[in-house]
**Student:** 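Attaching a single structure in structure tokens format; questions to follow.
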Amino acid sequence: MKNWIERLSEFKLKQQPVALVTVTKCYGSTPCVLGSRMIITEDKEVFGTIGGGKLEFLAIDQAIKALHENRIIESGYTLGPEFEQCCGGKVEFIIEPMNQTPELFLFGAGHIGQEIANLLIGTPFKVNLIDSRTDWFSEKELDPSINPCEVSEIDFKTFRDVVKWGKSCYVLVLTHNHAIDFDIIAMALQNETKFLGLIGSKTKKARFNNMLIKEMKIEDGMKNVVCPIGLPIGGDTPKEIAISVVAQLLQVHYGTNNK
């Protein structure tokens, strides 16, 4: 695949997740050469080849896994009878998921919200800092990497439309108003997110849980909402709370929360 750089650029412009498979080593007789590449989409659309046959089918399956888990995978196979080939060689390749930058939609640009946004500068996260208070951002000096978004309490559709829902979507809810918090949580539970967190106490969580089940008919209630947010590392200042929350987001992103 000679035009793989151009092809990857096209997918990047469309913000479409893909996996890049690159052959890193070839030993003996193999159906591919060092540097052979293949791009796979989430729908298993394939561009390029690493030799075809069972090896390629396994690479495609591994590529889908890399996309779902958003992590790099290294694999190697000896091409014997189980591959229905008599090459006897060995192929090693690396699979890299692309265009899955985690994006945070942080509702509530108060003290804690601003601290979280600032702490995420220089991390993989793209940060959208969202608030419904009129002219709230007019006197705020934000880093250019932080995207300020003003939404309207009069038209709740603006809350929904500001979010790019999906498996790279992280949502934090910490607004100035509990009623708004609830509406955002109810909305987010009906869309796809990688992480959904709410600032608050166990009492607030229990109250929202009952309201979601009884009023919104969401059977799981708060089951899929992290509340309270942040790792239990101690501290109650805005910066200390923000540090605990950012640590939790990075833990989820890198998959270390399951290790």
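Worth saying up front: this structure is predicted, and the values here are computed from it rather than measured.
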**Student:** Do L58 and I94 share a hydrophobic cluster, counting only Ile, Leu, Val, Met, Phe, Trp and Tyr and linking them when any side-chain heavy atoms are less than 4.5 Å apart?
**Tutor:**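 As far as the 4.5 Å side-chain criterion goes, I94 and L58 are not connected within one cluster.
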**Student:** Side chains of Q16 and N99: is there a donor and an acceptor less than 3.5 Å apart?
**Tutor:**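 No donor-acceptor contact under 3.5 Å links the two side chains.
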**Student:** Are C32 and V91 close enough that some pair of their side-chain heavy atoms sits under 4.5 Å apart?
**Tutor:**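 Side chain of C32 against side chain of V91, heavy atoms only: contact under 4.5 Å found.
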**Student:** Give a yes or no on whether a salt bridge exists between K90 and E92, defined as a side-chain N under 4.0 angstrom from a carboxylate O.
**Tutor:**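 Looking at E92 together with K90, the answer is yes, because their closest N to O distance falls below 4.0 Å.
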**Student:** Which atom names give the shortest non-hydrogen contact between G221 and N209, and what distance separates them?
**Tutor:**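 So the two residues come closest at CA-OD1, 3.4 Å.
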**Student:** Is any side-chain heavy atom of V173 closer than 4.5 Å to one of F182?
**Tutor:**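 No, their side chains stay 4.5 Å or more apart.
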**Student:** Please find the pair of heavy atoms, one from Q62 and one from S75, that lie closest to each other, and give the distance.
**Tutor:**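 Closest heavy-atom pair between Q62 and S75: NE2-OG, 2.8 Å.
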**Student:** Please report the interatomic distance CE(M222) to NZ(K202), rounded to the nearest 0.5 Å.
**Tutor:**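 Atom-to-atom, M222:CE and K202:NZ are 13.0 Å apart.
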**Student:** At their closest point, which heavy atom of I95 faces which heavy atom of A66, and how far apart are they?
**Tutor:**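 Heavy atoms only, the tightest pair is CG2-CB, 3.8 Å.
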**Student:** Verify whether one side chain among T175 and N177 offers a donor that lies under 3.5 Å from an acceptor in the other.
**Tutor:**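 Distance-only check fails for T175 and N177.
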**Student:** When you compare the side chain of I130 with that of L106, does any pair of heavy atoms fall below 4.5 Å?
**Tutor:**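 Answer no - side chains too far apart.
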**Student:** How about S9 and E6: does a side-chain donor come under 3.5 Å of a side-chain acceptor?
**Tutor:**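 Not at all, the side chains of S9 and E6 share no donor-acceptor pair under 3.5 Å.
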**Student:** Please test I116 against L120 for side chain to side chain contact (heavy atoms under 4.5 Å, CB included), starting from the C-alpha separation and ending with a verdict.
**Tutor:** CA-CA 6 Å; I116 291 171; L120 283 169; 4.0 Å; yes
**Student:** Give, for atom CZ of R133 and atom CD of E153, the distance between the pair rounded to the nearest 0.5 Å.
**Tutor:**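 Reported to 0.5 Å precision, the distance equals 9.0 Å.
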**Student:** Do F105 and F195 have their ring centres less than 6.0 Å from each other?
**Tutor:**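 Ring centroids of F105 and F195 are no less than 6.0 Å from each other.
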**Student:** What pair of heavy atoms forms the shortest contact from K205 to C227, and how long is it?
**Tutor:**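 Minimum heavy-atom contact is CD-O, 3.3 Å.
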**Student:** Could you walk me through whether K140 and D131 pass the salt bridge (charged side-chain N to carboxylate O under 4.0 Å, His left out) check?
**Tutor:** CA-CA 12 Å; K140 300 286 188 299; D131 209 285; over 6 Å; no
**Student:** Do you reckon V163 sits in the same ILVMFWY cluster as V226, going by side-chain contacts under 4.5 Å, direct or chained?
**Tutor:**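 In one cluster: no.
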**Student:** Decide yes or no for R71 and Y254: does some side-chain heavy atom of the first lie under 4.5 Å from some side-chain heavy atom of the second?
**Tutor:**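 No; the side chains remain at least 4.5 Å from each other.
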**Student:** What distance separates E74 CD from T22 OG1, expressed to the nearest 0.5 Å?
**Tutor:**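 Result: 11.5 Å between the selected atoms.
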**Student:** Does a side-chain heavy-atom distance below 4.5 Å link K217 with L212?
**Tutor:**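 No, too far: nothing below the 4.5 Å cut-off.
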**Student:** Can you confirm whether H253 sits close enough to P124 that some side-chain heavy atom of one is under 4.5 Å from a side-chain heavy atom of the other?
**Tutor:**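 The answer is yes; the side chains approach within 4.5 Å.
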**Student:** Same cluster or not: are I112 and V171 linked, directly or through other Ile, Leu, Val, Met, Phe, Trp or Tyr residues, by side-chain heavy atoms under 4.5 angstrom apart?
**Tutor:**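 Not linked; separate clusters.
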**Student:** T49 and E56: side-chain donor and acceptor closer than 3.5 Å?
**Tutor:**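 E56 and T49 do have a side-chain donor-acceptor pair below 3.5 Å.
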**Student:** May I have the step-by-step check of side chain to side chain contact (heavy atoms under 4.5 Å, CB included) for K204 and L198, ending in yes or no?
**Tutor:** CA-CA 10 Å; K204 181 178 180 180; L198 170 69; 3.9 Å; yes
**Student:** S132 versus I180: any side-chain heavy-atom pair under 4.5 Å?
**Tutor:**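 With C-beta onward as the side chain, the pair touches.
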**Student:** Taking atom CG of L104 and atom CG of L172, what is their separation to the nearest 0.5 Å?
**Tutor:**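 If I round to the nearest 0.5 Å, the distance is 5.0 Å.
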**Student:** Charged N to carboxylate O under 4.0 angstrom, D155 versus R160?
**Tutor:**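 Not counted as a salt bridge, because no side-chain N and carboxylate O are separated by less than 4.0 Å.
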**Student:** In the structure I gave you, are the side-chain heavy atoms of L55 and F93 within less than 4.5 Å of one another anywhere?
**Tutor:**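 In contact.
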**Student:** State whether the side chain of Q100 and the backbone N or O of L67 hold a donor-acceptor pair below 3.5 Å, judged by distance alone.
**Tutor:**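 At least one qualifying donor-acceptor pair exists.
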**Student:** Output the distance between atom CD (E219) and atom NZ (K223), rounded to the nearest 0.5 Å.
**Tutor:**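 If I round to the nearest 0.5 Å, the distance is 10.5 Å.
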**Student:** Ring-plane angle category for F159 and F107, please: parallel below 30°, perpendicular beyond 60°, tilted otherwise.
**Tutor:**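 Because their plane-to-plane angle is under 30°, the rings of F159 and F107 count as parallel.
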**Student:** What are the two closest non-hydrogen atoms of F156 and I184, and how far apart are they?
**Tutor:**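 Heavy atoms of F156 and I184 come nearest at CZ-N, 3.9 Å.
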**Student:** Please determine whether salt bridge (charged side-chain N to carboxylate O under 4.0 Å, His left out) holds for the pair E69 and K167, giving the CA-CA distance in whole Å, both sets of side-chain angles, and the decisive distance to 0.1 Å.
**Tutor:** CA-CA 10 Å; E69 298 179 4; K167 59 187 177 184; over 6 Å; no
**Student:** How close do S244 and I241 get, heavy atom to heavy atom, and via which atoms?
**Tutor:**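 Shortest heavy-atom contact: OG-O, 2.6 Å.
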**Student:** Tell me whether L129 is reachable from I243 by hopping between hydrophobic residues (I, L, V, M, F, W, Y) whose side-chain heavy atoms are closer than 4.5 Å.
**Tutor:**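 Yes, one cluster joins them.
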**Student:** Could you go through V127 and N147, starting from their C-alpha distance and side-chain angles, then the distance that decides it, and tell me whether this counts as side chain to side chain contact (heavy atoms under 4.5 Å, CB included)?
**Tutor:** CA-CA 6 Å; V127 179; N147 179 36; over 6 Å; no
**Student:** Would you compute the distance between atom CG of L249 and atom CD1 of I229 and round it to the nearest 0.5 angstrom?
**Tutor:**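 Taking CG in L249 and CD1 in I229, the distance rounds to 8.0 Å.
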**Student:** Does V18 belong to the same Ile/Leu/Val/Met/Phe/Trp/Tyr cluster as I5, with side-chain heavy atoms less than 4.5 Å apart forming each link?
**Tutor:**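 Linked within one cluster.
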**Student:** Step by step, work out the side chain to side chain contact (heavy atoms under 4.5 Å, CB included) result for V23 and R37.
**Tutor:** CA-CA 6 Å; V23 174; R37 292 181 174 89; over 6 Å; no
